[in-house]
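We count residues from 1, following the sequence as given.
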Amino acid sequence: MKTGWLGVLLAAASGAAGGESALPNLKQAKSIVLSRRVTGQVGKSLDFRVVQTDRSVNYKLRATWMTPEVIRANARIQQLEKGLREGGIVRLEEEARAAGSIVILVELDPHEGSGVIPSDWVALLGAPGHEGDTQRLARGVSSPKLRDVAALGAVPPRDYSYELFWIVFPLTGNDGRPLFDSADQEAELTVRIQNRSGKVHWRVPDHVRAGAKAAK
């Protein structure tokens, strides 16, 4: 039996699955997913120092934290729009939960310039106020293969002006302790593209807070 920090997360994810009778309708499912989408911007709105055409002035930023509730809602959307059997939603959820510890779908839309997103951009996750504390931050790893995991996809209709990135973060910081303490109320995602940066925030998901408390 899995115990501790990881065990609590898996238990929370399993509990979120619930029964077929708890499945939301299409409108409700989309609302659940969109409730975990936040928006921001990487770089300043106006930057007169930028005269090169080989880079963008700034980037529109959207990010969706793939919590167990979002995964289930996304699986439900896939089921309804593709006419999948009722039992198929469990398989979609299990496939998505196996993808990683913390998965955040990051969407970027370059403004002006080349319209190309540099491959060396960075995503950092942690509690606000800890940007200089590497022990309380985690660097995300891009996982393009998650594009094929249906329950981790963007809410349709797809906005093709944004490029999608599936970023996986560990459950713990560099010191091995939970990335978020049980007292942390807010999570902060920092996206850095060359010399520009942007931040978005969420309330720390309940299952992550429960895992942090169990790890003490």
Side-chain angles (χ1 to χ4, degrees), residues 33-34 36-67 70-71 74 95-96 98-175 179-180 186-205 208:
V33 178
L34 292 176
R36 275 291 170 178
R37 175 192 283 176
V38 291
T39 60
Q41 180 173 285
V42 179
K44 299 178 181 178
S45 297
L46 294 175
D47 192 342
F48 297 105
R49 298 171 300 170
V50 178
V51 295
Q52 301 97 328
T53 58
D54 63 340
R55 65 187 65 178
S56 297
V57 175
N58 52 50
Y59 304 80
K60 293 180 182 177
L61 168 64
R62 299 198 309 203
T64 306
W65 191 317
M66 294 298 179
T67 63
V70 169
I71 287 173
N74 244 352
E95 182 183 27
S101 301
I102 297 175
V103 179
I104 295 179
L105 174 59
V106 175
E107 303 177 63
L108 294 170
D109 178 13
H111 178 62
E112 298 183 358
S114 67
V116 175
I117 300 170
S119 60
D120 59 350
W121 68 276
V122 175
L124 301 170
L125 183 67
H130 294 285
E131 187 169 351
D133 184 358
T134 58
Q135 305 297 335
R136 292 294 308 274
L137 286 177
R139 179 168 177 166
V141 176
S142 179
S143 184
K145 66 181 181 179
L146 296 185
R147 182 180 300 273
D148 299 324
V149 179
L152 293 178
V155 178
R158 169 86 157 81
D159 185 344
Y160 288 94
S161 62
Y162 285 84
E163 188 170 346
L164 274 55
F165 302 88
W166 284 263
I167 310 298
V168 180
F169 296 89
L171 297 170
T172 58
N174 293 330
D175 59 357
L179 188 59
F180 296 98
E186 191 173 48
E188 179 178 81
L189 174 71
T190 301
V191 174
R192 295 176 182 166
I193 304 177
Q194 295 180 332
N195 63 338
R196 299 167 179 78
S197 65
K199 302 177 185 293
V200 291
H201 302 85
W202 297 268
R203 179 180 61 80
V204 177
V208 172

Holding to side-chain contact (heavy atoms from CB on, under 4.5 Å), I want the full list of residues that pass it with [X], two or more places apart in sequence or in another chain.
X    : answer
S197 : R192
V141 : none
V168 : V103, S143, L146
T39  : R62

Could you tell me whether the side chain of [X] and the main chain of [Y] form a donor-acceptor pair under 3.5 Å?
X    : Y    : result
N58  : K44  : yes
N74  : A154 : no
W166 : L152 : yes

Checklist line | Full working for side-chain contact (heavy atoms from CB on, under 4.5 Å) between T172 and L179 | finding: CA-CA 4 Å; T172 58; L179 188 59; 5.8 Å; no
Note to self: So if I apply the side-chain contact (heavy atoms from CB on, under 4.5 Å) rule between I104 and each of V200, L125, T64, V38, which one comes out positive?
What the structure shows: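 Between I104 and the candidates, side-chain contact (heavy atoms from CB on, under 4.5 Å) is satisfied uniquely by L125.
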Notebook entry, point to check: Just by distance, with hydrogens left out, do H201 and E188 show a side-chain donor and acceptor under 3.5 Å apart?
Noted result: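 Result is yes, a qualifying pair exists.
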[X] versus [Y], closest heavy-atom pair with distance:
X    : Y    : result
A127 : R136 : CB-NH2, 4.1 Å
L164 : Y162 : CD1-O, 3.6 Å
R36  : T67  : NE-CG2, 4.0 Å
A123 : L189 : CB-CD1, 4.2 Å
P110 : I117 : CG-CG1, 3.6 Å
E95  : A150 : OE1-N, 4.5 Å

Note to self: Run the ring-ring contact (aromatic ring centres under 6.0 Å, His included) test against W65 and tell me which residues pass, sequence neighbours left out.
What the structure shows: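 If we apply the ring-ring contact (aromatic ring centres under 6.0 Å, His included) test to W65, skipping adjacent residues, the hits are W202.
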Notebook entry, point to check: Can you list the residues that meet the ring-ring contact (aromatic ring centres under 6.0 Å, His included) rule with F165, with sequence neighbours excluded?
Noted result: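 Per chain and number, F165 pairs via ring-ring contact (aromatic ring centres under 6.0 Å, His included) with W121.
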